[in-house]
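Each remark here refers to the structure printed beneath this line.
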Amino acid sequence: MAGSDFRPVYHPAGHDNELRAAVQDLRTGRWVSMAHLLEQTDSWGLWTQRTQVLAAVAAGSDVVQAWRTEEPHSVAATVMHTRVTVERAVRAHRAGHPRTRELWQEAWEACRETAGISPADPVPWVCLLALALLDEHRQMDEHRLPPPGPMLPPGPWGILAEADKRDPHNREAYHRMLQFVYAGTPGPLSQAANFVHWAAGSAPPGSAAHVLPLYVRVEGYRRERGQERALDLHWVTQDAIRDATNALDAWFRFADPQYSSPLDLNHLAHALWAALQFDEAARVFDAIGRYWTTLPWAYRTRAPADPALAEEVFLQARSRSLAGRN
């Protein structure tokens with residue numbers, strides 16, 4: 001796939017073939033494939049990832065409600081209902097919708113109810129972390145708990161601990177927590193950097209937490225836009241190279257690309273390419289195949305909202321990285 005006719009495609013399921021099929025059925029209003037897929041999902045990490053993707057697709061329709069009507073005692077249907085209500089509340093908040101508080105309350109109650117119905121499931125707690133972002137003024141006590149380590153901000157640490165108890169270093173839980181930290185620090189990213197290095201420092205080999213520092217580095221790059229001549233130095237510092245190679249060695253070497261987050265793969269390929277580690281980047285581009293994501297490539301363009309420009313950067317980076325191959 002190194003030829004000039006190669007064109008990447010975006011799909012939220014990435015290489016997860018079964019999830020892609022369920023998403024396709026979901027988009028046509030059918031829920032049976034989703035139900036079968038979740039019934040066969042046997043790890044909490046994959047369960048969290050699949051329910052997140054499915055909810056993002058289902059939030060604009062009543063298909064999950066139709067499933068609950070047909071199978072009112074299905075735990076998976078209840079979890080998906082919670083996912084959808086949370087997704088709708090988050091979208092309403094983002095859009096400044098007048099019903100945001102009402103949707104937030106409905107989603108919060110759904111999370112608590114689902115946590116009681118499925119006590120071993122991390123998803124209700126991950127969803128509560130997503131809702132914590134709606135508490136912009138940190139008015140709820142559970143969003144202002146003291147941190148578990150130095151140099152970390154107060155936050156919903158109790159909720160994160162509940163998710164961690166059920167699925168240690170759950171990828172989405174830590175990304176939700178990172179978004180919460182971002183929201184509290186519109187300026188310097190020192191607290192976010194402290195958080196991701198704290199998370200990665202205790203994560204076992206194979207954990208996607210090792211990729212977290214790459215997201216903070218991209219966010220720093222995004223916030224510094226406008227000083228483009230100096231920005232490429234952002235990626236070739238000793239710290240940047242260390243973060244990229246650590247993610248390669250501690251996560252990618254153990255990861256199964258079929259079930260890895262496409263965003264994680266693209267962030268790692270980007271970090272290695274930008275750090276001029278072309279041979280290593282080529283291995284990650286091989287794993288990405290044709291399933292790319294617009295981020296972080298869009299931030300390397302003058303118009304981040306234009307996916308065509310992001311695709312151009314992705315293709316240039318991929319071509320450069322694969323060029324050294326015999």
Side-chain angles (χ1 to χ4, degrees), residues 48 52 86-87 89-91 93-94 96 100-101 104-105 107-108 111-112 115 122-204 207-225 234 237 239-240 242-244 246-247 250-251 261 263-264 267 271 295-296 299:
T48 305
Q52 182 185 17
V86 170
E87 180 69 18
V90 170
R91 290 181 185 182
H93 174 259
R94 196 179 299 137
T100 296
R101 181 162 289 277
W104 179 8
Q105 181 65 29
W108 189 89
C111 290
R112 293 296 184 179
V123 164
W125 301 97
V126 170
C127 286
L128 285 170
L129 285 171
L131 293 176
L133 200 61
L134 278 59
D135 185 10
E136 292 180 336
H137 302 294
R138 315 288 163 95
Q139 294 178 320
M140 297 176 68
D141 289 344
E142 63 189 35
H143 299 158
R144 293 186 278 111
L145 294 183
M151 310 298 288
L152 299 172
W157 296 102
I159 302 174
L160 180 64
E162 292 291 346
D164 239 356
K165 189 188 303 181
R166 290 157 176 80
D167 183 35
H169 294 93
N170 179 282
R171 180 190 179 277
E172 186 185 345
Y174 278 80
H175 275 269
R176 297 292 188 183
M177 190 71 182
L178 177 57
Q179 293 300 317
F180 184 90
V181 175
Y182 281 155
T185 55
L189 289 171
S190 54
Q191 288 189 336
N194 291 337
F195 168 68
V196 296
H197 285 104
W198 170 82
S202 60
S207 169
H210 294 290
V211 191
L212 281 168
L214 306 185
Y215 285 82
V216 175
R217 192 158 293 279
V218 165
E219 177 64 12
Y221 185 91
R222 185 188 70 82
R223 294 187 185 191
E224 292 166 12
R225 281 186 61 80
H234 186 92
T237 64
D239 286 349
R242 183 199 62 221
D243 287 345
N246 179 70
W251 172 68
S261 161
L263 270 171
D264 286 350
H267 274 74
L295 298 180
Y299 295 141

With Arg94 via salt bridge (Lys or Arg N to Asp or Glu O under 4.0 Å) - residues at least two apart: none
Shortest non-hydrogen contact from Ala240 toward His234: CB-O, 3.6 Å
Salt bridge (charged side-chain N to carboxylate O under 4.0 Å, His left out) pairs, two or more places apart, involving residues 175-190: Glu172-Arg176
Listed partners of Tyr215 passing ring-ring contact (aromatic ring centres under 6.0 Å, His included), at least two apart: His175, His267
Contact summary for Val196 and Pro213, nearest pair of heavy atoms: CG2-CA, 3.7 Å
Under the side-chain hydrogen bond (donor to acceptor under 3.5 Å, both in side chains) test, residues paired with Ser202 that sit two or more places apart: His169
Close side-chain approach of Glu162 and Leu128, heavy atoms under 4.5 Å: no
Residues which pass side-chain hydrogen bond (donor to acceptor under 3.5 Å, both in side chains) with Glu219, listed by chain and number, not counting sequence neighbours: Arg222, Arg223
Test item: Asn246 and Trp251 side chains (from C-beta on) under 4.5 Å apart, heavy atoms: no
Pairwise side-chain contact, Trp198 with Pro148, heavy-atom cut-off 4.5 Å (strictly under): yes
Non-neighbouring partners of Ala89 that pass side-chain contact (heavy atoms from CB on, under 4.5 Å), sequence neighbours left out: Leu103, Ala107, Leu131, Leu134
Closest non-hydrogen atom pair between His93 and Thr100, with its separation: N-OG1, 3.5 Å
For Ala161, all residues meeting side-chain contact (heavy atoms from CB on, under 4.5 Å), sequence neighbours excluded: none
Where at least one partner belongs to residues 144-158, residue pairs that pass side chain to side chain donor-acceptor pair (under 3.5 Å), sequence neighbours excluded: Asp141-Arg144
Donor-acceptor pair, side chain of His197 and main chain of Leu212, under 3.5 angstrom: no
Set of side-chain hydrogen bond (donor to acceptor under 3.5 Å, both in side chains) partners for Arg112, sequence neighbours left out: Glu142
Atom of Pro147, atom of Pro153 and distance for their closest heavy-atom approach: CB-O, 3.5 Å
Heavy-atom closest pair, residues Ala173 and Ala163: CB-CB, 4.0 Å
Per-pair distances, 0.1 Å, donor-acceptor, side chain in residues 187-194, under 3.5 Å, sequence neighbours excluded:
{"unit_1": "Asn194", "atom_1": "ND2", "unit_2": "Met151", "atom_2": "O", "d": "3.1"}
{"unit_1": "Asn194", "atom_1": "ND2", "unit_2": "Ser190", "atom_2": "O", "d": "3.2"}

Residue pair His210 / Pro204: nearest heavy atoms and the distance that separates them: NE2-O, 3.1 Å
Residues which pass side-chain hydrogen bond (donor to acceptor under 3.5 Å, both in side chains) with Glu87, listed by chain and number, not counting sequence neighbours: Arg91
Candidates Trp125, Tyr174, Phe180 - the one meeting side chain to side chain contact (heavy atoms under 4.5 Å, CB included) with Leu160: Tyr174
Any residue meeting side-chain contact (heavy atoms from CB on, under 4.5 Å) with Asp135, in chain and number order, not counting sequence neighbours: Trp104, Gln139, Met140, His143
Evaluation steps, side-chain contact (heavy atoms from CB on, under 4.5 Å), between Val90 and Val86: CA-CA 6 Å; Val90 170; Val86 170; 4.3 Å; yes
Intermediate values then yes/no, side-chain contact (heavy atoms from CB on, under 4.5 Å), Val216 and Leu178: CA-CA 9 Å; Val216 175; Leu178 177 57; 3.9 Å; yes
